Structures are given as structure tokens and as C-alpha cells.
Amino acid sequence: MISLELLNRAAVWAAELTEEERERARKGIIEKTYGKGVYVCHQGDRFNAWAGVFTGLVKVATVSDRGKQVSLAGFTNGAWFGEGSLIKGEMRRYDIVALRDSRLMLMDAGTFAWLLDNSVGFNRYLVRQFNERLGQFIGQVENDRMLDAAGRVARTLGSLFNPRTNPGVGQQLAITQEEVGLLSGLSRQVTNQSLKLLEGRGKLTVGRGGIAIRDWRDLMGSNA
DNA sequence: GCATTAACAGCCG
DNA sequence: CGGCTGTTAATGC
């Protein structure tokens, strides 16, 4: 169980719930800290929780058939994820790894199901979330087929800095260039070159172990 | 051409 | 020292 104050800070959707629903939600959530590099859950686990990032950065990843690391998505401050497996009652299809020290909120499956059945506000939030994700998914396909390396890196960062899916993200994020590469589907070297290029265009600033952006929409290209 | 892997030196905490 | 970064060389589609 977490405090009402923490719930309000960690979950934008809390504001859309009734007082009773909020109370129910906070009782069904625990806070857990994960160190850098620690697995939150492994592929094939029955991880019975809906998760929110309070602070930190986690990625959804898997290993290709030839043993290569592939990162699929990153989540940072304010992002809630994992409803897919929860709704379908499936085992986790991917690994979830903390890329740096992260404080997560874990809502148990029973509470999630209750909110889904009883809270209009909660459902509104989920629909918006699905809609946003679908847009990003379609953008990813375009990403793979049409964009050059710098475009892909820009898109990847645009998604990471998207305040609609990561409401607590700021203008700066602690992430290594190697991880940006893994998320972009590019090697570290090309990622480095692309970041320099984007920096030259004034779209972002690269620092050691972190990247600062000016406007996430600017990174997403035409359809944000 | 453009991206990948390998390798290495420099830098910073 | 160990992890991250910036660069270059060799190789591949």
C-alpha cells in the first residue's frame, strides 16, 4: 500500500478516479526499487502486476533467435505499462530491465481488474493510452521502412520523451548511447554519429550518460 | 553507400 | 578501475 500523496505524484490517472476508486487503487499498489541492470521480470514469467515508473528508466527487451539483444521500448517517469499481459492473463512475452536505478509502482492484478470493471475514469485513461500506443506503433513501421539512421534515433528519443506516455519525463534523460542504439535498432557507433548530427541541427544536446532535448515533437517528424 | 563488428584511446566518476 | 564515449579500420549487403 502506498500513500495517497505518492499515488497522486506517480500516476496521472489518479486524478480521474473517484475518491473511492483512488482509495482502492492506493491499497493495491506497492512501491519497489530496482537497481541498475536488474530484471523486473523475465520472458515467460507470470508477473501479476501492472507497473508504473515513478522515477528511473526501464526497457522492454528480448533476445533474437541468433542471440542478439533487441530492445523494443523504453519507459520513464510517469509511464504505466504491462496491461496487455494482465488483461489477457498471459505470461510475459518480453524481459523488463531497469536501465538505471528505478522506483516502480506495482499494482496487483485484482486491483487492476476491479478498476477496469468499476472505474469510468480508469477506462478513459486506458483508452487514451492504447490510442497513443497505436500511433507510436504505426510510426515504428514507418520508422523501419522510410527513415535513415538519424531519423530513427530521433523517433526513438521522441517516443521516450513523449509526455503523453511518460507524463513525468523532463527535458533531460539519463540514458547511454548504447541503449539509445539498442532501442533504435542501430549500432552504438552509428547512434553516436546520429546523435552528433542531431545535436548539430540543434534538436538535442548530448552529455555524458544523458541526453537533453528541446522539443519532443520536433524529433518525431511530421506525425506527432 | 551505408551499416556492422572490432578495436582502442581518452575521459570521467 | 570500470563504464561510457568518440573514432577509425576492416568487412558485408
Side-chain angles (χ1 to χ4, degrees), chain A residues 32-43 51 53-79 81 93-104 136-163 165-166 168-224:
Chain A
K32 207 163 165 188
T33 303
Y34 294 86
K36 182 176 180 174
V38 171
Y39 279 71
V40 176
C41 82
H42 286 88
Q43 194 172 155
V53 181
F54 181 48
T55 60
L57 177 65
V58 302
K59 72 170 176 180
V60 178
T62 188
V63 178
S64 77
D65 43 6
R66 278 180 291 290
K68 213 171 123 187
Q69 273 287 342
V70 187
S71 297
L72 303 168
F75 294 110
T76 185
N77 301 7
F81 62 93
R93 301 175 59 190
Y94 306 107
D95 296 322
I96 298 176
V97 190
L99 293 183
R100 56 185 170 89
D101 291 356
S102 301
R103 288 174 71 189
L104 302 195
Q136 287 195 4
F137 177 77
I138 290 173
Q140 274 300 121
V141 178
E142 177 189 357
N143 203 339
D144 291 342
R145 303 193 183 168
M146 327 234 336
L147 302 179
D148 61 10
R152 290 205 219 175
V153 170
R155 258 285 164 69
T156 298
L157 292 173
S159 296
L160 262 180
F161 280 98
N162 182 344
T165 43
N166 304 282
V169 73
Q171 300 291 105
Q172 204 276 340
L173 192 60
I175 185 173
T176 65
Q177 297 185 3
E178 179 167 19
E179 282 301 340
V180 174
L182 285 169
L183 286 166
S184 307
L186 295 165
S187 66
R188 183 177 67 79
Q189 290 86 334
V190 170
T191 302
N192 176 261
Q193 288 176 352
S194 299
L195 286 171
K196 290 288 172 190
L197 189 71
L198 293 167
E199 185 174 43
R201 290 183 193 157
K203 295 190 184 288
L204 51 83
T205 312
V206 300
R208 211 178 177 75
I211 290 164
I213 61 149
R214 220 187 50 234
D215 180 7
W216 69 278
R217 282 162 224 276
D218 197 24
L219 292 166
M220 293 299 283
S222 47
N223 59 29

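Please read all numbers here as calculations on a predicted model, not as lab measurements. Chain A is the first sequence line, chain B the second, and so forth, proteins listed ahead of strands; every chain is numbered from 1.
Gly185(A) comes within contact range of the sugar-phosphate backbone alone, with a heavy-atom separation under 4.0 Å but no base atom that close.
Residues Thr205(A) and Glu199(A) have side chains in contact (heavy-atom distance under 4.5 Å, counting atoms from C-beta outward). Two residues are said to be in side-chain contact when any heavy atoms from C-beta on lie closer than 4.5 Å; Asn166(A) and Phe161(A) fail this criterion. With a 4.5 Å cut-off on side-chain heavy atoms, Val190(A) and Val153(A) do not count as touching. Two residues are said to be in side-chain contact when any heavy atoms from C-beta on lie closer than 4.5 Å; Lys59(A) and Leu182(A) meet this criterion. Side-chain atoms of Gln193(A) and Lys196(A), non-hydrogen and from C-beta on, never get closer than 4.5 Å to each other.
Without hydrogens or angle criteria, Asn77(A) side chain to Val53(A) main chain gives no donor-acceptor distance under 3.5 Å. Side chain of Gln171(A) to main chain of Arg214(A): a donor-acceptor pair is present (N/O by atom type, distance under 3.5 Å, no hydrogens or angles). Using a distance-only test at 3.5 Å, with no hydrogens or angles considered, a donor-acceptor pair links the side chain of Arg100(A) to the main chain of Ala174(A).
Along DNA chain B, read 5' to 3', the first and last nucleotides having any atom under 4.0 Å from a heavy atom of chain A are dA3(B) to dC12(B). In the 5' to 3' direction, nucleotides of DNA chain C lying under 4.0 Å from heavy atoms of chain A begin and end at dG3(C) to dT8(C).
Comparing Arg208(A) and Ala150(A) by the nucleotide of DNA chain B that holds the closest heavy atom to each, the one mapping nearer the 5' end is Ala150(A). Between Gln193(A) and Gly210(A), the residue anchored closer to the 5' end of DNA chain C is Gly210(A), taking for each the nucleotide with the nearest heavy atom. Map Arg188(A) and Asp148(A) each onto its nearest nucleotide of DNA chain B; the residue landing nearer the 5' end is Asp148(A).
Gln140(A) and Asn143(A) share a side-chain donor-acceptor pair at under 3.5 Å.
Contacts of residues 170-179 of chain A with DNA chain C (heavy atom under 4.0 Å): Thr176(A), Gln177(A).
Between the CD1 atom in Ile211(A) and the CD atom in Glu179(A) there is a gap of 11.0 Å [rounded to 0.5 Å].
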